[in-house]
Amino acid sequence: MNRLDDVLRARLDRLHAEGLERRLRRVDSPQAVRLRIDDRPALNFSSNDYLGLANHPALIEAGARALRDFGGGTGASRLICGSLRPHHELEAALADLKGTEAALCFSCGYTAALGAIGALVGRADFILIDRLVHACVVDAARLSGATLRVFAHNDLEDLEAKLKWCDQRRKLAPGSAVASPTSAHILIVTESVFSMDGDLAPLLDLVELKDRYGAWLMLDEAHATGLYGTRGGGCAEAEGISNRVEVQMSTLGKAVGAAGGCVAGSRSLIDFLVNRARSFIFSTAPPPAIAAAAEAGVRLIQSTEGAERRSRLWSNAGQIDALLSKLGHDFGGTGVNHAPRSPIRPVRLGRESRALAVAEALRGQGVFVPAIRYPTVARGQARLRLTVSAEHTAADLRELDCALTAALKEHDE
Ligand SMILES: *Cc1c(COP(=O)(O)O)cnc(C)c1O
């Protein structure tokens, strides 16, 4: 072994000792409620495929057709010769879903955040992010060079205090104590449904607040797209504020059932991102099969079948709430706005080792719910992250009930 391996092995040993080591599990089946993981059957309560579209025949067929018609790869970035018809059709469908003038697709949500935030703000600007936003927003904010401030989770008072702070500073020209009109901007970034707690942002108040300070809002709808609003556009659609959120970001890898990222907004926003979003410009266009599958997912979300799937999902989520209440678990979010309806249920267990032990006990009974640990959540706030799907049946929910009741009893403290 060389020196690098020695150093890395020591670091891995430490992670292992702290209960923080992570490993890949091989899944030998398509994404579904029943999986085969490491050669054992598993009833899956861990996926973000909330509507059960990832393995839907319509997505498979659309992807296969695009693979035949347009091939496997795209040859170059979108701006060179890789901008294929499936990308353009997907973007038209996304703009329609989001109720915006235009949309742009990226390879994934992570690169959508990096590209959009980096294009919109720079050193002279300010960026305010919720304490619990996804890592891609944190990374993008740091990389942008803008002055970064973090506000307490879903706390509009704290956000307003930080908006005031930014507002005062942006009115001062560099090096002078005299207020002057300025070109510095403030971008607020938050999520509509938080990925680890499943609680919702107070969107209407947030929009009022940012308008009062002339700030821009970027809303990450990764866990909301497909699930909220009469046509599944997300929380902005559901609240009727699509045209007041400057930047609507999402992934196409969760409820949409495919892969990719998306930014939706005005025509000027999209035209600007095509010119300035580095993760869009300097990256090979996503494969046509993925774009076509995502478009099929978007169409399904807007169809009657999509509405039926949403109603099955919410009915299942209600049953999970009843189960968790019965077990005496506080499954609420950490914010002011406990989600009555999101497909994500954190079961807070505290110590990393306890979360791992409960997850392992569930696994022993054929139920898969992952233990979420640092760095995904703070140290000592380990939890099970239980997600529900439209595809879960009453029998699946009963199986979860038995397994979870036994596992929590076994590792009570
Ligand atoms: C999953 C996720 C992303 C990243 O999207 P990918 O397409 O998986 O890269 C961004 N934001 C949030 C809140 C997410 O949960």
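Each ligand, and each atom within it, is numbered from 1 in the order the structure gives.
Among the candidates Arg345, Arg348, Arg385, the single residue satisfying the salt bridge (Lys or Arg N to Asp or Glu O under 4.0 Å) test with Asp197 is Arg348.
Other residues, nucleotides and ligands contribute at most 12 non-hydrogen atoms within 6.0 Å of the CZ atom of Arg11. At most 12 heavy atoms of other shown residues, nucleotides or ligands fall within 6.0 angstrom of atom CZ in Arg85.
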After noting the C-alpha distance and the side-chain angles of Leu114 and Phe106, does the key distance pass the side-chain contact (heavy atoms from CB on, under 4.5 Å) rule?
-> CA-CA 10 Å; Leu114 283 189; Phe106 288 75; over 6 Å; no

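Contacts classified as ring-ring contact (aromatic ring centres under 6.0 Å, His included) and involving residues 372-396 (residues at least two apart or in different chains) are given here: Phe45-His392.
Residues with a heavy atom under 4.0 Å from ligand 1: Cys108, Gly109, Tyr110, His134, Cys136, Glu191, Ser195, Asp220, Ala222, His223, Met249, Thr251, Lys254, Gly260.
Using modelled atom types, one finds a donor on one side chain and an acceptor on the other under 3.5 Å when comparing Ser192 with Glu221.
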